[in-house]
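So the structure is just underneath, and the comments pick up after that.
Since this is a predicted model, take the numbers as computed values, not measurements. Here is how names work: the chains are called A, B, and so on, in the same order as the sequence lines, proteins then strands, and each is numbered from 1.
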There are 2 protein chains.
Amino acid sequence: MKIALLGHGVVGSGVSKIIDSGRTDELDRLEVKRILVKDESEMTDPRTTLDFNDILNDPEIGLAAECMGGLEPAHTFVKKALESGKHVVTSNKKMLAVFFEELMETAEANHVTLAYEASVGGGIPWIADLTRIRRIEMPDSFRGIFNGTTNYILSGMYSEGKEFEDMLAEAQKLGYAEQDPSDDIDGMDVRYKCSITAAAAFDKWIDPEKIPVFGIRHIRKKDLDWGRSRGLVCKLIGSGKKNEDGISVLVRPVFLKENDTFAGILQNYNAIESISATLGKAVFIGQGAGSLPTAHAVVQDMIDIVTHTHRFAAEKTRAAGTVNTEPAVWYIRTSCPEAFTAVTAEKTGEDTILTKAVSMDELLPAVRACEDPALFLAEVAE
Amino acid sequence: MKIALLGHGVVGSGVSKIIDSGRTDELDRLEVKRILVKDESEMTDPRTTLDFNDILNDPEIGLAAECMGGLEPAHTFVKKALESGKHVVTSNKKMLAVFFEELMETAEANHVTLAYEASVGGGIPWIADLTRIRRIEMPDSFRGIFNGTTNYILSGMYSEGKEFEDMLAEAQKLGYAEQDPSDDIDGMDVRYKCSITAAAAFDKWIDPEKIPVFGIRHIRKKDLDWGRSRGLVCKLIGSGKKNEDGISVLVRPVFLKENDTFAGILQNYNAIESISATLGKAVFIGQGAGSLPTAHAVVQDMIDIVTHTHRFAAEKTRAAGTVNTEPAVWYIRTSCPEAFTAVTAEKTGEDTILTKAVSMDELLPAVRACEDPALFLAEVAE
């Protein structure tokens, strides 16, 4: 099958490298015909073009891999490719989470596949294994360290005793964090991935905006020290669960027990687990990002399509929102602890409290009332 | 597709439970028509039979799942089923490892599939993900905690400070260990799984008898205490690696560093990792045994076959043996330390030594010369 790459940055260049140097029967069935690049400086390969129409109007191209990132023009290009009868593979979680419903409908209407293995967990075969489990059962829950940048920061703060700003600067220096790291440290990246995972796991599409999110921008060394004194390690966790009233999906730091498998996930690794009736707990750990691991996932999707082994999951329906009613204890550091008086179980410091067991849905009104832009909140594992 | 179960014990009963209560499109395509049982006491279902010929001679049955265990009659039944044009799924690692070459050739000659996901790692999608990676590249190496029984024993000895015999008795009481636990504690079970994994990973079939194996039968609390004093945790590890001269495959206890992901794998869980050029390190953790997780894997193989999505790996060739030339430091406790004088780097106790960095192939002659039936040997991570 002749394919086109939309974007030739970190992921796209990895994809062309894997396919061009491929030595398996499956890779022999893929050929990169065109590569859409941003400007003339990137036109180092005879296959490059600056004009998307060169790809869209080429009937020989049966598949386009979108590795551009960002919402536009990625979204428009993907939609047009699907409408013109081309399969699409994407690694762009933000674009996919926001336009999931529309793009899946477009793919179905045009009898083509939109595959997105690389959009969640980079090289971890997460969506593939989740879709495989779905052939037998729907998982009860999932939970994961979905973001390598924040895991790198939290691991370093914990093991080296550094402050947040120092670890962030280090992550930026190493290329693990963007110059504007907001999407990572505010949890937005994990929110997109949880929206996509919830769709794959539970057949429910949830607007990412409806998923409560708390990041690690305001975490301090002293928060980790408090956790350490109680045998707890802090990780940024995205999770989802079926409950009586709907789907719970949530992004927040969690103080995990030291012997939790996730507590030992170091550096920029990702780890994701599902729990289902017959398989039980299954955990997947790997490189959640990076050129070649993410490109590997993009190419796996291509192989599924070209070998007609892509697994189609059931149709999704839109969920009105999330129902986060599971009670938990929360650690909160804020300049206005009085906003949480009604739910406070213990004052652990001048500006820190532990709550009684309350759900995120019960907690959110107090968080809003508090209006503290530097509030730090984390769940505490029982 | 109408299927037959050969055996209705722990795994077989899980398979019929999953298929009979299935609620997915994929499960709807499977129907258990006959179940071969051992004796009349097991004939609680109208589909049961005591006669294998009822299955072999039924042209409606397109697939047989062998969940009997043991070498015979499992091997003969599998071979006959393949010869009569039926696909076979097996969870029987011992039988498969011993007859791998013969049975794969029989399957190929009869244009049917012999699938074995459940034979290694129980519910962990290990063989499936390994075969998926193989579409892009051959792994460089694999490593795993492949046996839940010994991991349960080692975890308990480490965290509760118990002796080997006490933890073994506890594992037997809980049903994690057999009354004759030799295959588990002597490492034979891991050896079979490494033979099968090496075939799937490297296209080389290695006679299990040719794989050096050291178990944990003679481990003592004092060995773990020595490790703990150096920040090391002992696990029974099977591993394989391509090297210049061939394939290294090895089963032995390893003193791992405390921050190694595998050091934190507790209870009866399994963990397996592969390292390959573009995907990097990928780790899979889950229930390595048990009725439903293993049955889940058997049913996944059936679904691959019925949906024509089973992945065929490249043809295997027989390797003459293993080439274990990687140097390592070894911890040895023996009544005849003098047999190891030439390789000893440090005498750590009256009957314990640490070796210089030597390979397993260099060490084996001394182990044989020593003739100590209670020798305990473990690799020490650098």
Side-chain angles (χ1 to χ4, degrees), chain A residues 14 17-19 21-27 122-125 128-129 132-138 159 258-266 269 271 273-274 276-287 290-297 299-300 302-304 307-312 314, chain B residues 14-15 17-19 21-27 122-125 128-129 132-138 159 258-266 269 271 273-274 276-287 290-297 299-300 303-304 307-312 314:
Chain A
K17 191 172 167 186
I18 290 175
I19 295 176
S21 60
R23 283 176 299 178
T24 66
D25 292 347
E26 287 86 355
L27 289 176
I124 296 178
D129 277 296
R132 188 167 180 267
I133 293 168
R134 289 294 313 275
R135 308 192 301 181
I136 291 180
E137 60 205 359
M138 186 176 278
S159 60
E258 275 167 358
N259 67 356
D260 188 309
T261 309
F262 282 18
I265 303 301
L266 301 179
Y269 273 82
E273 78 178 20
S274 73
S276 63
T278 69
L279 187 56
K281 177 153 79 170
V283 186
F284 305 86
I285 303 170
Q287 298 278 355
S291 174
L292 288 173
T294 309
H296 182 104
V299 176
Q300 290 286 9
M302 292 178 178
I303 292 173
D304 280 342
T307 59
H308 306 287
T309 53
H310 179 77
R311 295 189 192 106
F312 293 90
Chain B
V15 172
K17 191 172 166 188
I18 290 174
I19 295 177
S21 60
R23 283 176 300 178
T24 66
D25 292 347
E26 286 86 354
L27 290 176
I124 297 178
D129 277 296
R132 188 168 180 269
I133 292 168
R134 288 294 312 274
R135 308 191 302 180
I136 292 180
E137 60 205 359
M138 186 176 279
S159 60
E258 275 167 358
N259 67 355
D260 188 308
T261 310
F262 282 17
I265 303 301
L266 301 179
Y269 274 82
E273 78 178 21
S274 72
S276 62
T278 69
L279 186 57
K281 178 153 77 169
V283 186
F284 305 88
I285 303 170
Q287 298 279 355
S291 175
L292 288 173
T294 309
H296 182 104
V299 177
Q300 289 286 8
I303 292 172
D304 280 342
T307 59
H308 306 288
T309 53
H310 179 76
R311 295 188 192 106
F312 293 90

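Both the backbone and the side chain of B:I303 come within less than 4.5 Å of a heavy atom in chain A. Neither the backbone nor the side chain of B:D25 comes within less than 4.5 Å of any heavy atom of chain A. Contacts of B:R135 with chain A are made by both backbone and side-chain atoms, with heavy-atom separations under 4.5 Å. The part of B:R134 that comes within reach of chain A is its backbone (N, CA, C, O), which places non-hydrogen atoms under 4.5 angstrom from that chain. Heavy-atom distances place the side chain of A:T307, and not its backbone, under 4.5 Å from chain B.
Counting heavy-atom pairs under 4.5 Å between each of B:T294, B:D304, B:L266 and chain A puts B:D304 at the top. Of all the listed residues (A:I19, A:D129, A:L279), the one sharing the greatest number of non-hydrogen pairs under 4.5 Å with chain B is A:L279. Taking chain B as the reference chain and counting heavy-atom pairs below 4.5 Å, the highest number among A:I285, A:T24, A:I124, A:L292 is found for A:I285. Listed options B:K281, B:H308, B:R311 were ranked by heavy-atom pairs under 4.5 angstrom with chain A; first place goes to B:K281. Between chain B and the options A:A282, A:G286, A:P125, the largest number of non-hydrogen pairs under 4.5 Å is found for A:P125.
Between A:I136 and B:L27, the closest heavy-atom pair is O-CD1, 3.6 Å. Between A:R132 and B:Q300, the shortest heavy-atom distance links the atoms O-NE2, 3.0 Å.
For residues 258-265 of chain A, heavy-atom neighbours of chain B at less than 4.5 Å comprise A:N259, A:T261, sorted by residue number.
Note that NE2 of B:H296 and CD1 of A:I133 are 5.5 Å apart. Values are rounded to the nearest 0.5 Å. The CZ atom of B:R23 sits 9.5 Å away from the CE atom of A:M138 when rounded to the nearest 0.5 Å. Residue B:E137 holds its CD atom at 7.0 Å from CD1 of A:I18, rounded to the nearest 0.5 Å.
Applying the salt bridge (charged side-chain N to carboxylate O under 4.0 Å, His left out) test to A:E273 and every residue at least two apart in sequence or in another chain returns A:R143.
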